[in-house]
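Notes follow once the structure below has been shown.
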Amino acid sequence: MFRANPNDVKVLRNYGEASRWEAKVKPMRGRAVECKPLGARNKSHANIRRESDDIVVRLHNTDIVRYKPDGSIIIRQGGYASQTTRKYLDAVLPMWFASHQGATTVALAGVPGNRIMHPKGDNIFTVDPNSVRLVFTNPVPCIVHKVNRKGMNAVRAKYAVFINYMKNIRKLLGEERFTSEPPEKRYLSDDELLALAISSEPSDHYAAMVYLAWNGYYFNPRNPVIRFNTILVRLYRDEVLDTHTLPDGVLKHDKFKSLF
């Protein structure tokens, strides 16, 4: 199994260092296409080359770092935020890379906060002429979602009879099982579940509650109201969730991220 181990990789903080290192490294022997290793000479998966005036660091099939003569640096992740790519970026660049809810973040020396990088496309870092520090010019804004109580109450009002039915059963039985048998159907579509929830038949409400109480093969008497509430948020997310864009450099966990 391949394991990323960039300990032998040279730190290349800027264009000058990258250019000098590329000129110094000798190509690997016996290669039809010239390949200059970025680190140990028996590793070709991480390499460095000169492309016109640019110096390019390549990892496998992706040009992950491009040093420009004007001092700017362009980083690419190859379409997804991988741990291997982060390790090599950490080893090569004077930046700190981490993960935030599946996305790669970067922190720069002298610049407060962490910023989210694009999994696809260019992440552009330019030199601030006043401080000679790198500046991330096009970060992805951090977006979080919060429940709009007014919107949520309006949605829940549509299913108030069913929700009150579940609460009353729980209040009557406490932690006792209201059924020992799993539902007849282990999977209901959203339309099927909502049809049971808005039905006027108590037997339909009971069937929906049993379905919600069983999570796979596990029964939990607390599940029905919680799971139904989660389903409502997912189905009516545009009505019950407000979108907030955080200030530059600020990251927060978005517990509703999986719904978008």
Side-chain angles (χ1 to χ4, degrees), residues 76-83 85-86 97-107 113-123 136 138-167 169-170 182-199 204-260:
R76 293 183 67 91
Q77 297 189 83
Y80 60 96
S82 86
Q83 183 180 20
T85 301
R86 284 196 294 271
F97 298 88
S99 177
H100 175 75
Q101 290 197 269
T104 295
T105 64
V106 61
N114 292 269
R115 289 159 180 82
I116 300 174
M117 295 175 59
H118 299 270
K120 300 180 180 179
D122 294 344
N123 296 277
F136 190 4
N138 65 328
V140 177
C142 183
I143 295 174
V144 296
H145 299 89
K146 296 182 179 180
V147 174
N148 180 310
R149 291 184 180 276
K150 183 177 179 181
M152 191 65 200
N153 288 339
V155 168
R156 287 172 62 87
K158 300 177 183 179
Y159 305 95
V161 173
F162 175 59
I163 293 172
N164 288 333
Y165 170 86
M166 291 191 292
K167 288 181 176 180
I169 294 292
R170 280 290 320 283
E184 293 182 6
K185 294 183 67 174
R186 290 299 179 93
Y187 174 78
L188 293 178
S189 69
D190 293 333
D191 289 340
E192 290 174 318
L193 178 62
L194 295 185
L196 294 175
I198 62 175
S199 170
D204 288 340
H205 288 178
Y206 180 78
M209 186 173 180
V210 170
Y211 171 78
L212 292 167
W214 285 83
N215 188 6
Y217 292 93
Y218 298 95
F219 177 89
N220 186 337
R222 300 179 183 178
N223 263 355
V225 176
I226 296 174
R227 284 189 68 193
F228 190 64
N229 187 69
T230 301
I231 290 169
L232 291 182
V233 172
R234 174 167 55 82
L235 295 178
Y236 294 91
R237 58 183 178 273
D238 293 335
E239 299 174 40
V240 306
L241 294 178
D242 291 333
T243 300
H244 299 270
T245 301
L246 301 182
D248 182 48
V250 176
L251 298 182
K252 287 186 179 179
H253 181 82
D254 181 10
K255 66 180 181 179
F256 301 108
K257 181 179 175 63
S258 62
L259 303 183
F260 294 88

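Residue pairs meeting the ring pair (Phe, Tyr, Trp, His ring centres under 6.0 Å) criterion with at least one member in residues 241-260, sequence neighbours excluded: H145-F260.
Taken from NZ in K146 to CG in D254, the straight-line distance is 10.0 Å, to the nearest 0.5 Å. Separating the CZ atom in R170 from the CE atom in M209 is a distance of 7.5 Å, to the nearest 0.5 Å. Note that CE of M117 and CZ of R76 are 10.5 Å apart. Values are rounded to the nearest 0.5 Å. For the atom pair CD1 of I116 and OG1 of T105, the computed distance is 7.5 Å after rounding to the nearest 0.5 Å. To the nearest 0.5 angstrom, L193 atom CG is 10.5 Å from I198 atom CD1. To the nearest 0.5 Å, atoms CD1 (I163) and CG (N229) are separated by 7.5 Å.
In terms of heavy atoms, A81 sits closest to G102 at CB-O, 3.5 Å. Taking both residues in full, the closest heavy atoms of P224 and M166 are given as CB-SD, 3.5 Å, listed atom of the first, atom of the second, then distance. What you find for R156 and L232 is that their closest heavy atoms are CG-CD1, 4.3 Å. Across all non-hydrogen atoms, the minimal contact from N223 to A213 is ND2-O, 3.5 Å.
R237 places a side-chain N or O within 3.5 Å of a backbone atom of R234 that can act as its donor or acceptor partner. With hydrogens and angles disregarded, no donor-acceptor distance shorter than 3.5 Å links the side chain of S199 to the backbone of A195. For the pair E239 (side chain) and V155 (backbone), a donor-acceptor distance under 3.5 Å is absent.
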Hey, mind stepping through Q101 and L251 against side chain to side chain contact (heavy atoms under 4.5 Å, CB included) and telling me if it holds?
CA-CA 10 Å; Q101 290 197 269; L251 298 182; over 6 Å; no
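Qualifying side chain to side chain contact (heavy atoms under 4.5 Å, CB included) partners for N153, counting only residues two or more places apart in sequence or in other chains: none. Legend: residues meeting side chain to side chain contact (heavy atoms under 4.5 Å, CB included) with P183, ordered by chain and number and at least two apart, are R186, V210, Y211, W214.
At least one side-chain heavy atom of F228 sits under 4.5 Å from a side-chain heavy atom of L194. Within the 4.5 Å cutoff, side-chain heavy atoms of I231 are placed close to those of L212. Taking the side chain as every heavy atom from C-beta outward, N148 and V240 never approach each other to under 4.5 Å. A 4.5 Å side-chain heavy-atom check between V147 and L241 finds at least one atom pair inside the cut-off.
More than 12 heavy atoms of other shown residues, nucleotides or ligands fall within 6.0 angstrom of atom NZ in K158.
Considering H118, R115, R86 in turn, R86 is the only one that fulfils the side chain to side chain donor-acceptor pair (under 3.5 Å) rule with T104.
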